[in-house]
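Step one of this worksheet: look at the structure below.
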Amino acid sequence: VALEFISDLSGLKPEDMDGFFEGWPVPPSSERRLAALKGSDVCILAVDGGRVVGFATALVDGALMAYLPLLEVLPEWHGRGIGSELVRRVLAALEGTYSVALCCDEELAGFYARLGFASVEGLVRIDRSPLP
Ligand SMILES: CC(C)(COP(=O)(O)OP(=O)(O)OC[C@H]1O[C@@H](n2cnc3c(N)ncnc32)[C@H](O)[C@@H]1OP(=O)(O)O)[C@@H](O)C(=O)NCCC(=O)NCCS
């Protein structure tokens with residue numbers, strides 16, 4: 001079955017989020033994960049035979065700036081170009097945006113550099129209390 005990239009989230013269910021958000025210290029509930037995708041201005045899903053195997057999201061101000069909060073591909077689908085394609089498709093949806101920012105672990109800087117991102121100094125504030 002061919003891999004599809006879709007932006008229609010209407011059929012997405014909380015259980016489609018199972019297997020994602022690996023390694024989060026306080027993993028959000030499936031409902032909260034789904035809310036994050038549905039609340040994003042841009043969300044692209046990678047779907048393989050009806051199964052969601054990856055997604056990428058963007059928040060935008062509609063004039064200058066965008067932020068990419070989430071990118072994840074299920075481990076069994078890593079290394080097949082899906083993550084890169086998700087980022088390329090989100091960037092295509094953001095065409096004309098001045099700045100597209102994201103936060104990532106240092107080891108992923110090379111992955112994003114190939115997609116045109118450069119490292120800058122940044123600050124982030126994380127609330128580590130349990131999510132409701
Ligand atoms: C990052 C991620 C989305 C990449 O998805 P993917 O579909 O495997 O990506 P692609 O197949 O397009 O690209 C894989 C390339 O990225 C590199 N890469 C992926 N994850 C990496 C990591 N953690 N550290 C270093 N390189 C990494 C691979 O080495 C590979 O390089 P190669 O093509 O030279 O072999 C995926 O590893 C993932 O979901 N990771 C967990 C969640 C995460 O870290 N998300 C990013 C948050 S900012």
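As the structure is a prediction and not an experimental result, all values here were calculated from the model. Each ligand, and each atom within it, is numbered from 1 in the order the structure gives.
- Assignment of Arg114 to the shell around ligand 1 is supported, since a heavy atom sits closer than 4.0 Å.
- Between Cys103 and ligand 1 there is a heavy-atom distance shorter than 4.0 Å.
- The closest side-chain heavy-atom distance from Tyr112 to Val87 is below 4.5 Å.
- At under 3.5 Å, a nitrogen or oxygen of Gly79, whether backbone or side chain, sits near a nitrogen or oxygen of ligand 1.
- No donor-acceptor distance shorter than 3.5 angstrom exists from the side chain of Asp105 to the backbone of Glu107, with no hydrogens or angles considered.
- For atom 16 (O) of ligand 1, the nearest protein heavy atom (residue, atom name, distance) is Phe111 CD1, 3.2 Å.
- Glu107 O, 3.2 Å is the protein heavy atom nearest to atom 25 (C) of ligand 1.
- Of the listed residues (Leu70, Leu68, Leu71), the one carrying the non-hydrogen atom nearest atom 3 (C) of ligand 1 is Leu71.
- Scanning all protein heavy atoms for the shortest distance to atom 20 (N) of ligand 1 gives Leu108 CD2, 3.5 Å.
- Of all the heavy atoms of Tyr112, the ones lying under 4.0 Å from any atom of ligand 1 belong exclusively to the side chain.
- The side chain to side chain contact (heavy atoms under 4.5 Å, CB included) test with Leu45 is passed by exactly one of Leu86, Asp8, Leu12: Leu12.
- Within ligand 1, the atoms closer than 4.0 Å to a non-hydrogen atom of Arg80 are 11 (O), numbered from 1 in the order shown.
- Under a 4.0 Å heavy-atom criterion, Gly81 is in contact with ligand 1.
- When each atom of ligand 1 is checked for a heavy atom of Ser84 under 4.0 Å away, the hits are 10 (P), 12 (O), 13 (O).
- Using a 4.0 Å cut-off between heavy atoms, Glu22 makes no contact with ligand 1 at all.
- Residues Arg32 and Ser29 have side chains in contact (heavy-atom distance under 4.5 Å, counting atoms from C-beta outward).
- The distance criterion of under 3.5 Å between nitrogen or oxygen atoms is met by Val73 with respect to ligand 1.
- Here CG of Leu34 is found 8.0 Å from CG of Leu9. Values are rounded to the nearest 0.5 Å.
- Atom 29 (O) of ligand 1 lies below 4.0 Å from none of the non-hydrogen atoms of the protein.
- When distances from atom 12 (O) of ligand 1 to the protein are checked, a heavy atom turns up under 4.0 Å.
- Taking the side chain as every heavy atom from C-beta outward, Phe55 and Val73 never approach each other to under 4.5 Å.
- Nearest protein heavy-atom neighbour of atom 38 (C) of ligand 1: His78 NE2, 3.3 Å.
- Scanning all protein heavy atoms for the shortest distance to atom 41 (C) of ligand 1 gives Glu72 CG, 4.4 Å.
- Rounded to the nearest 0.5 angstrom, Leu70 CG and Ser40 OG are separated by 6.5 Å.
- Ligand 1 has no N or O atom lying under 3.5 Å from any N or O atom of Trp77, backbone or side chain.
- Summarising the geometry, atom NE2 belonging to His78 is positioned 7.0 Å from atom CD belonging to Glu72; distances are rounded to the nearest 0.5 Å.
- Closest protein heavy atom to atom 7 (O) of ligand 1: Gly83 N, 2.7 Å.
- Residues Tyr67 and Val100 have side chains not in contact (no heavy-atom distance under 4.5 Å, counting atoms from C-beta outward).
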